[in-house]
Protein chains: 2
Amino acid sequence: MDFLPLSHYSNKFWLMHKGDVNEEMALMHRRMAERGYKSTPQRDEIARWVFQTHDHFTVEDILEDFRKDGKKISQATCYRVIQMLLQLNLLIEHDFGRGVRFYEHTPGHPHHDHIICNECGQIFEFQSEELENLKESICQKNGFSMTRHNLSIYANCNRCTPEEKAEKAKKRRY
Amino acid sequence: MDFLPLSHYSNKFWLMHKGDVNEEMALMHRRMAERGYKSTPQRDEIARWVFQTHDHFTVEDILEDFRKDGKKISQATCYRVIQMLLQLNLLIEHDFGRGVRFYEHTPGHPHHDHIICNECGQIFEFQSEELENLKESICQKNGFSMTRHNLSIYANCNRCTPEEKAEKAKKRRY
DNA sequence: GTATGTGCAAAACGTTTGCAAGTTC
DNA sequence: GAACTTGCAAACGTTTTGCACATAC
């Protein structure tokens with residue numbers, strides 16, 4: 001069991017991957033070409049944002065940043081590009097039961113599970129080989145071929161003080 | 001690892017618990033009294049439906065059955081009663097990423113995880129003590145006190161033929 | 001030039017809420 | 001009779017869609 005260095009505490013781990021963004025863009029363009037998707041400035045702009053973000057994000061997060069930067073890309077396009085990235089297997093979708101869909105890009109981001117703090121809303125990631133093997137073997141034994149899985153553990157973290165929790169909970173939009 | 005006899009194949013397992021409905025109603029009334037909720041015909045009617053249903057259901061499922069039976073209970077009330085049952089810990093909520101919330105009642109229904117078939121949409125249940133222990137130990141080791149968790153495995157089942165899958169997929173609303 | 005993608009506004013979806021009227025205790 | 005619950009319709013927040021215009025190849 002390994003806890004990844006978490007983007008919420010420090011995103012050093014992921015920043016080491018910064019150089020990958022161009023690689024991921026190239027990968028995307030290859031897959032787009034294969035499937036007949038055309039390359040457009042909007043798609044590139046959104047994809048670059050996505051590949052640069054090493055955290056769980058919502059569509060609103062993208063739009064907010066674009067508004068701040070004065071970039072005008074419509075909401076509809078944004079949703080459509082996210083759908084495309086999902087189709088190209090460059091993104092995965094999470095539903096943490098907060099009424100919004102969260103996304104994270106997959107290239108360079110190995111499978112992991114999530115722990116969501118009930119109190120402060122922070123999303124933590126962890127990996128457990130043992131857990132992965134167990135899931136796989138449960139499926140195999142019972143005649144399922146697993147395509148993806150999603151373990152969300154809701155818990156109370158001991159990472160912040162009650163005061164910090166209250167403050168973070170207040171700031172949470174979702 | 002045990003596969004429960006699944007309500008989707010046969011609900012014999014759960015039907016054995018049929019006699020519990022009145023017990024569950026009594027439990028609900030006790031908890032309602034404790035917390036100052038008043039007893040109303042609508043609450044009883046909805047609760048009875050919930051406790052009689054040994055399957056994953058949506059609010060729309062309840063309303064549909066009531067419409068069929070000519071029972072007039074408003075949508076708003078239905079949502080409100082579900083919220084109450086959640087508060088009373090008689091119900092748990094699942095989000096299988098289909099845009100609707102699924103519920104199942106907890107009394108007499110031990111914790112289990114889910115496998116959702118990508119092709120036919122059926123929801124299967126299983127229990128694994130090993131898996132539960134592993135989740136618990138991961139949390140403990142890392143300073144989280146787990147309150148609940150949610151493992152959804154998406155897979156292709158081998159339970160029905162391609163034709164049946166196509167047919168079931170067509171019927172799926174969610 | 002044709003097929004595809006974009007932006008806008010409107011619709012769709014499940015869910016929640018404000019309020020007046022009705023019910024419970 | 002005070003407090004709570006209901007039903008209706010309207011509002012909500014996120015996501016999707018229809019359509020006219022623009023762009024990519």
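Side chains included, hydrogens not; waters and symmetry mates left out as well; all remaining heavy atoms used. As the structure is a computational prediction, the values presented were derived from the model and not from experiment. Here is the naming used below: chain letters follow the sequence lines, and residue numbers restart at 1 for every chain.
Atom CD1 in I62(A) sits roughly 14 Å away from atom P in dT14(D) (whole-Å rounding). If you measure from atom CG of L63(B) to atom C1' of dG14(C), you get 11 Å, rounded to the nearest angstrom. Between the P atom of dG5(C) and the CG atom of D44(A) lies a distance of 13 Å, rounded to the nearest Å. Put simply, CE on M84(A) is 14 Å from P on dA24(D), counting in whole angstrom units. Look at OH on Y79(A): it is 15 Å from C1' on dA10(C), rounded to the nearest Å. If you take NE2 of H29(A) and C1' of dC25(D), they are 14 Å apart, rounded to a whole angstrom. Per the geometry, CG belonging to D61(A) stands 15 Å off C1' belonging to dG13(D), to the nearest Å. Here the C1' atom of nucleotide dG13(D) and the CZ atom of F102(A) are 14 Å apart, to the nearest Å.
Here the nucleotide nearest the side chain of Q75(B), chosen from dG5(C), dT15(C), dG7(C), is dT15(C). Here dT6(C) is the nucleotide among dT6(C), dC25(C), dG7(D) with the atom lying nearest to any side-chain atom of R80(A). Residue K38(A) places its side chain closer to dC25(D) than to any other of dC25(D), dC25(C), dC8(D). For Q42(B), taking side-chain heavy atoms from C-beta onward, the closest of the listed nucleotides dG14(C), dT14(D), dT6(D) is dT6(D). Comparing dG7(D), dC8(C), dT15(D) against the side chain of A76(A) picks out dC8(C) as the nearest. Among the nucleotides dT16(C), dG14(C), dT16(D), the one closest to the side chain of R101(A) is dT16(D).
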Intermediate values then yes/no, side-chain contact (heavy atoms from CB on, under 4.5 Å), Y103(A) and D61(A): CA-CA 10 Å; Y103(A) 300 92; D61(A) 290 334; over 6 Å; no
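Proximity of a side-chain donor or acceptor of R35(B) to a complementary backbone N or O of Q87(B) within less than 3.5 Å is detected.
In this model, a donor atom of one side chain and an acceptor atom of the other lie less than 3.5 Å apart for E104(A) and H56(A). Under 3.5 Å, the side chains of D44(B) and H29(B) contain a donor-acceptor pair of N or O atoms.
Regarding contacts with the backbone of dG7(D), a side-chain N or O of T77(B) is found under 4.0 angstrom from either OP1 or OP2.
For T40(B) and Q83(B), each mapped to the nucleotide of DNA chain C holding its nearest heavy atom, the one lying further toward the 5' end belongs to Q83(B).
R43(B) comes within 4.0 angstrom of sugar-phosphate atoms only, judged by non-hydrogen atoms across all strands, and of no base.
Screening L91(A), I92(A), T106(A) against L85(A) for a side chain to side chain contact (heavy atoms under 4.5 Å, CB included) leaves a single residue, L91(A).
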